[in-house]
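Inspection log for the structure reproduced underneath, given as structure tokens.
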Amino acid sequence: MALYLVVHSPRPVEDGAVRPPSRLRGLAEASLKAGTSPRWLKTWSPDLHDDRIFTLWEAKSGDDIRGALEEFGFLDDMESAATRVREWGPDDVLTAAD
């Protein structure tokens, strides 16, 4: 499975629009099941002045993540863009063959 970083940006609020709440607990429960794809791993919220949310997922594709976000009601209020990423850092650079 690959790792994906997803940036969630708020959609403009429509006057009078009533939507059911997202099902965060359901997403969390689904993500803890062994062998689940996609799996939500972590979330970061920048600060009080930035309404974006960043999430890390393990998935076969970005489309699988989009399907899960839709299923659990997260595309009602947020635009989401998934980018496949690879984790690495200073240790990886220093231990790589020259």
Side-chain angles (χ1 to χ4, degrees):
M1 297 255 198
L3 290 177
Y4 286 83
L5 179 67
V6 181
V7 179
H8 308 266
S9 302
R11 291 178 188 237
V13 177
E14 298 172 18
D15 289 336
V18 177
R19 297 184 182 114
S22 59
R23 297 178 20 241
L24 184 59
R25 184 175 183 89
L27 176 60
E29 290 169 346
S31 293
L32 291 177
K33 293 179 184 174
T36 299
S37 177
R39 245 173 29 103
W40 165 48
L41 302 174
K42 292 184 180 195
T43 298
W44 295 272
S45 301
D47 64 32
L48 297 175
H49 304 289
D50 189 338
D51 291 333
R52 292 176 302 162
I53 298 170
F54 299 84
T55 56
L56 182 66
W57 294 73
E58 184 178 72
K60 294 176 185 170
S61 72
D63 288 339
D64 288 350
I65 296 167
R66 184 166 180 76
L69 291 171
E70 186 172 359
E71 177 183 347
F72 290 99
F74 287 93
L75 295 181
D76 292 344
D77 297 320
M78 304 285 260
E79 297 283 342
S80 297
T83 302
R84 189 172 175 169
V85 295
R86 194 168 49 112
E87 186 176 357
W88 57 279
D91 290 338
D92 299 299
V93 172
L94 297 174
T95 59
D98 290 328

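Sequence positions, counted from 1, serve as the residue numbers for this chain.
- Shown here are the side-chain hydrogen bond (donor to acceptor under 3.5 Å, both in side chains) partners of Glu70, two or more places apart in sequence or in another chain: there are none.
- Hydrophobic clustering, with ILVMFWY side chains joined whenever heavy atoms are under 4.5 angstrom apart, keeps Trp57 apart from Val85.
- For Arg66, the side-chain contact (heavy atoms from CB on, under 4.5 Å) partners at least two apart in sequence or on another chain are Leu75.
- Taking CG of Leu56 as the reference point, atom CZ of Arg39 lies at 10.0 Å (rounded to 0.5 Å).
- For Asp77, the side-chain hydrogen bond (donor to acceptor under 3.5 Å, both in side chains) partners are Arg19, not counting sequence neighbours.
- Closest of all the heavy-atom pairs between Ala82 and Gly62 is CB-CA, 4.3 Å.
- Listed by first then second residue, pairs satisfying salt bridge (Lys or Arg N to Asp or Glu O under 4.0 Å) with a partner in residues 87-96 number zero, not counting sequence neighbours.
- A distance of 12.0 Å separates OG1 in Thr36 from CG in Asp64, rounded to the nearest 0.5 Å.
- Listed by chain and residue number, nothing satisfies the salt bridge (charged side-chain N to carboxylate O under 4.0 Å, His left out) test with Asp51 (two or more places apart in sequence, or in another chain).
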Could you pull out every donor-acceptor pair under 3.5 Å between side chains of residues 20-28 and any protein atom, sequence neighbours left out?
from  : atom 1 : to    : atom 2 : distance (Å)
Arg23 : NH1    : Glu71 : O      : 2.8
Arg25 : NE     : Glu29 : OE2    : 3.3

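- Side-chain heavy-atom separations under 4.5 angstrom define the hydrophobic clusters, and the remaining members of the one that includes Ile53 are Met78.
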Under 3.5 Å, which donor-acceptor pairs link side chains of residues 42-50 to any protein atom two or more places apart or in another chain?
from  : atom 1 : to    : atom 2 : distance (Å)
Thr43 : OG1    : Trp40 : NE1    : 2.7
Asp47 : OD1    : His49 : N      : 2.7
Asp47 : OD1    : Asp50 : N      : 3.0
Asp50 : OD1    : Arg52 : N      : 3.0
Asp50 : OD1    : Arg52 : NE     : 3.0
Asp50 : OD2    : Arg52 : NE     : 3.3
Asp50 : OD2    : Arg52 : NH2    : 2.7

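- Residues satisfying the salt bridge (charged side-chain N to carboxylate O under 4.0 Å, His left out) criterion with Arg84, sequence neighbours excluded, are absent altogether.
- Under a 4.5 Å side-chain heavy-atom criterion applied to ILVMFWY residues, the cluster that includes Met1 comprises that residue alone.
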Would you tabulate the side-chain donor-acceptor contacts of residues 3-10 under 3.5 Å, counting partners in other chains and residues two or more places apart, or write 'none'?
from : atom 1 : to    : atom 2 : distance (Å)
His8 : ND1    : Ser80 : OG     : 2.9
His8 : NE2    : Thr55 : OG1    : 2.7

